[in-house]
Amino acid sequence: MDDFLLENLGSDEEFKLFLDESFDVKAHANKAIQGKAISEQLSKLAEGISLLDKQIHSQIVAHHDDLLSQATGVETLEGVLQMMQTRIQSLLAAMDRIRTKVTEPFNKISARTTQLRNLQEACDLLRRVIRIIYLSKRLHSQLQGGAREITKAAQSLNELGSFPFNYICEGVDLSGIEVIEQDRRFIKQARQDVETQAQKMLEQSMETQNPTQVATSLQVFHNLGCLHTIVDRVVTGCQDNLHTNIRSCLDVRTLTQQSSNKGPGRATMPMTGNTAAFRATLWTNMEKLMDNIYASCAQVQHLQKVLVKKRDPVTHVGFIEELAKHKDGNVNIMQNFWENITKMLTTEFHEATEGSTFIKQAFEGEYPKLLRLYNDLWKRLQQLNPESFNKFSRYCCT
């Protein structure tokens, strides 16, 4: 459409309304009816339509070849689109066929996979239950054998682990399985009984210095997986007992009650008349203390000797090597024990002499007697292990 026609239409008040993008047909018709100039409006519209027809005709004549080529191109494009539509339909049909062929096998495989997983879990659970029942029966018979079968019972408990938290139950919840509920309670109680029996055996064998029973009890704790804990507990127990003995030996109130003829609790300090009795009681207690120190050192030395010699019959790993895994490779039980005793004696003797002039005067006045007690103790200790105690000679009781 040429500019002349647009200019004419835009300059005309009637046609100018039709160029507005917000033109409303109904509003314009209502306005024309109300103006009662319908015939004039119709003639005006007819004139405008005639002008547009002429302009369209001239445009078609001027661009006839271009319009024909575009029409041909549209037909070609419609053909291409039709071909693409056909191929798309073929592709969709092929996808449907593939989906049909794949979906059914996939669903079957998924179902079989789920079934296989459930079967494997059920089989694994049954194997665990059967193993627990078997070990429980074996543990019953081993416990009936008493001390002779205690190491085997500990081995069975070791395989069961800290039931129910062990490799047999790892990743599986066995709670609610009635067939092993009784076994669960039995295994828990059996472990407590074996630990108690082995603890009693260890304490008695250390007092009597029976290497066979010490080795047996240590083997039990090794099988239970708590060897290092028990050894630490035993050594700590010896230290605590000695600490109690030292305090009792140097306690002024206890010494006064023991040396006084009066009833306990009535005298808190030694009087002038019974100082000799107080000192006699003190030195008697010191002799007993030295005996207790020797007995404790002998027990710990015996324990270390067995730990050095004893090896696990299955893995052939030395017990002292097993302890080294929990001690950063540094294991010398006797040396650590003796160092702790000397520090303990130093502290308690210092506090006792600072807190009581009677004890201080007794030790200062009869220092040769104290030195003799220490030398006698040292000679006895050297007989246990001369090489070790020669290394400890720098730790002295003062």
Side-chain angles (χ1 to χ4, degrees), residues 1-129 167-177:
M1 188 175 294
D2 57 12
D3 296 337
F4 177 74
L5 179 60
L6 289 173
E7 183 178 353
N8 289 336
L9 293 175
S11 62
D12 191 285
E13 293 297 332
E14 294 292 336
F15 293 138
K16 184 178 181 181
L17 298 174
F18 293 94
L19 294 177
D20 191 354
E21 293 182 358
S22 62
F23 176 75
D24 189 354
V25 177
K26 293 182 179 180
H28 183 75
N30 291 330
K31 183 178 180 181
I33 293 171
Q34 293 175 359
K36 299 181 181 180
I38 299 177
S39 59
E40 293 179 4
Q41 291 288 335
L42 290 175
S43 63
K44 193 71 175 180
L45 290 175
E47 181 184 353
I49 292 171
S50 177
L51 289 175
L52 290 173
D53 287 340
K54 290 179 181 180
Q55 185 63 34
I56 291 173
H57 183 267
S58 64
Q59 289 292 329
I60 291 174
V61 171
H63 301 88
H64 180 266
D65 294 336
D66 294 336
L67 292 173
L68 288 177
S69 62
Q70 290 181 6
T72 304
V74 170
E75 292 179 357
T76 304
L77 181 60
E78 289 179 352
V80 173
L81 291 176
Q82 184 65 32
M83 182 181 63
M84 293 299 296
Q85 184 67 25
T86 303
R87 293 184 177 180
I88 290 173
Q89 294 296 330
S90 300
L91 180 60
L92 291 174
M95 290 178 62
D96 290 337
R97 290 193 300 271
I98 293 174
R99 185 182 296 109
T100 303
K101 292 181 180 180
V102 171
T103 301
E104 184 177 356
F106 174 77
N107 292 335
K108 290 183 179 179
I109 292 175
S110 297
R112 296 294 184 270
T113 302
T114 302
Q115 186 180 27
L116 178 61
R117 181 175 62 251
N118 293 336
L119 286 172
Q120 289 176 340
E121 291 178 356
C123 291
D124 181 66
L125 183 62
L126 288 174
R127 283 195 296 268
R128 294 169 189 262
V129 170
Y167 77 95
I168 293 181
C169 303
E170 183 179 359
V172 178
D173 184 12
L174 297 179
S175 60
I177 302 179

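Every value quoted in this text rests on a predicted model; they were computed, and no experiment measured them. The figures that follow rest on heavy atoms only: side chains count, while hydrogens, waters and symmetry mates do not. For this chain, numbers begin at 1 and follow the sequence in order.
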Notebook entry, point to check: If you measure from CZ on R97 to CG on L92, what distance do you get to the nearest 0.5 Å?
Noted result: 10.5 Å
Check: Can you list the residues that meet the side-chain contact (heavy atoms from CB on, under 4.5 Å) rule with S50, with sequence neighbours excluded?
Finding: K54
Checklist line | NE2-CD distance between H63 and Q70, expressed to the nearest 0.5 angstrom | finding: 10.0 Å
Next item on the list: Not counting sequence neighbours, which residues clear side-chain contact (heavy atoms from CB on, under 4.5 Å) with D96? List them please.
Entry: R99
Next item on the list: Could you tell me the separation between the CG atom of L77 and the CD atom of Q82, rounded to the nearest 0.5 Å?
Entry: 11.5 Å
Next item on the list: Check whether more than 12 heavy atoms from other residues, nucleotides or ligands sit under 6.0 Å from atom CE of M83, and answer yes or no.
Entry: yes
Checklist line | Residues, nucleotides or ligands: over 12 heavy atoms within 6.0 Å of E104 CD | finding: no
Next item on the list: Evaluate the side-chain proximity of L91 to R87: yes if any heavy-atom separation is below 4.5 Å, no if none is.
Entry: no
Margin query: Just verifying a value: how many Å separate L81 CG and T76 OG1, rounded to the nearest 0.5 Å?
Written below: 10.5 Å
Check: Would a 4.5 Å heavy-atom cut-off, applied to side chains only, mark R117 and T114 as touching?
Finding: yes
